[in-house]
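Before any comments, here is the structure.
This one's a predicted model, so the numbers in the text were calculated from it and none came from an experiment. Sequence lines set the chain letters: A, B, ... in the order given, protein chains first and strands last, and positions in each chain run from 1.
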Amino acid sequence: MTCDDESPPVALGHTLTRAFYARPTLEVARDLIGMVLVHHTVAGTTAGVIVEVEAYIGESDPACHAASGFSGRTAPLYGPPGHAYVYLNYGVHYLVNAVTEPEGAPAAVLLRAVEPIRGRDLMSRRRGALAPRVVTDLCRGPGNLTRAFGISRSHNRRDITADRLVIVDCGFTRPARWTQRIGIRVGTGRRWRCYAVDSPAVSRLPRTGL
DNA sequence: CGTTCGATGCACT
DNA sequence: GTGCATCGAACGT
C-alpha cells in the first residue's frame, strides 16, 4: 500500500460485516488494527490504516459512557453492532466509535489514530490552518482523525457495514500491543488500548508507564 | 433553569 | 508541566 493520493481507490478487500462487530469487544479492537477506515463524501474519499483504538465495555466500565446507564446519549452503545457512536468531546472534538457486542450489550471501540493512505490533500484541507506538515500526523489523535475524515455528529448511529463510512479488511497485518487507556480519569487500570507498535501515527503514550 | 464536566488538542511556561 | 476553548448531556435545585 502506498501513501500516494494517485493510488487507486481502496477497492480490494471486503467491508467488515455486522458479524465482525458482534463479538467480544477486545477481539474486535485487536482485529481492527490494520483494517482500513474509508469515508466517501462529495468532497472526495479519505482512507487510512487503523493503528490505535481503545475498548469501552459495559456499564461496569467506569470510563464507558454506558456506566451512567441507558440515556439518549448512550443509546447507540446499546444498539446494534456495526453502527457508529459519535459524540462531541470538550465541546470541541468529535470522537468516533464502532459499536460492538450483540445488541443490548453496551460497548464500543474508539478509533484514535489512522495512517493516511488516501485523500491526504482533503484531510489537510479539513484540518485547515492547523494542518500538520507530517502526513502521519493528519489523523493522529481521535479528534484530529474525525476532523480529517469529515466525521461529525451527523454520523452518530450510522451503519458502518454499508454506505459511505465503512471499515475494510485489506489483508494488512500489524504487530500490536495493549496498554492502558489515555485521557480518562477512571478505569485507568484496564489495559484496553491497542496500537500498532511500528506506527508513527500513534498518539501520545499512556500517562503512567505502559 | 443553573452548574458541572468531559474517551482532546494546542499554545504556552 | 499548565491553561483553556467550547458545548451538550446529565443532574441538582
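Atom pair A:R185:CZ and B:dT8:P shows a separation of 10 Å (rounding to whole Å applied). Separating the CG atom of A:L138 from the C1' atom of B:dG9 is a distance of 15 Å, rounded to the nearest angstrom. For the pair A:Q180 CD and B:dA7 P, the computed distance is 15 Å after rounding to whole Å. Whole-Å rounding puts the A:R190 CZ to B:dA7 C1' distance at 14 Å. At whole-Å resolution of the value, OH in A:Y85 and P in B:dA7 are 9 Å apart.
Counting heavy atoms from C-beta outward, A:E54 and A:Y195 have side chains that stay 4.5 Å or more apart.
Pairs passing the salt bridge (charged side-chain N to carboxylate O under 4.0 Å, His left out) check and including a residue from residues 123-132 of chain A, sequence neighbours excluded, do not occur. Applying the salt bridge (charged side-chain N to carboxylate O under 4.0 Å, His left out) test to every pair with at least one member in residues 56-71 of chain A, sequence neighbours left out, gives these pairs: A:D61-A:R181.
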Can you give me the N/O atom pairs linking the protein to nucleotides 10-13 of chain B at distances under 3.5 Å, or say none if there are none?
residue	atom	partner	partner atom	Å
B:dC10	OP1	A:R127	NH2	2.9

Throw together a table of side-chain donor-acceptor distances under 3.5 angstrom for residues 80-92 of chain A, partners on residues two or more places apart or in other chains.
residue	atom	partner	partner atom	Å
A:H83	ND1	A:R157	O	3.1
A:Y85	OH	A:H65	ND1	2.6

With side chain to side chain donor-acceptor pair (under 3.5 Å) as the criterion, how do A:R18 and A:T161 come out once you've worked through the C-alpha distance, each side chain's angles and the decisive distance to 0.1 Å? CA-CA 6 Å; A:R18 201 159 322 284; A:T161 64; 3.0 Å; yes
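A:R147 forms no cation-pi arrangement with A:F149, by the criterion of a distance under 6.0 Å to the ring centre and an angle within 45° of the ring axis. Judged by a 6.0 Å distance limit and a 45° cone about the ring axis, A:R23 is not positioned over the six-membered ring of A:Y21.
Put simply, the side chain of A:Q180 gets close to the backbone of A:T188: a donor and an acceptor are under 3.5 Å apart. Remark: the backbone N or O of A:I50 is not paired with any side-chain donor or acceptor of A:E115 at under 3.5 angstrom. Side-chain atoms of A:T74 come within 3.5 Å of backbone atoms of A:G69 as a donor-acceptor pair (strictly under, hydrogens ignored).
The shortest non-hydrogen separation linking A:L138 to A:P116 is CB-CG, 3.9 Å.
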Once each nucleotide of nucleotides 4-9 of chain C is scored for protein heavy atoms under 4.0 Å, what B/S/- sequence comes out, 5' to 3'? -BBB-S
Under the rule of Watson-Crick or G-U wobble with both distances under 3.5 Å, where | means paired to another strand and [ ] a crossing pair, DNA chain B maps to ||||||.|||||.
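Applying the 4.0 Å criterion to OP1 and OP2 of B:dT8, one finds that A:R112 has a side-chain N or O inside that range.
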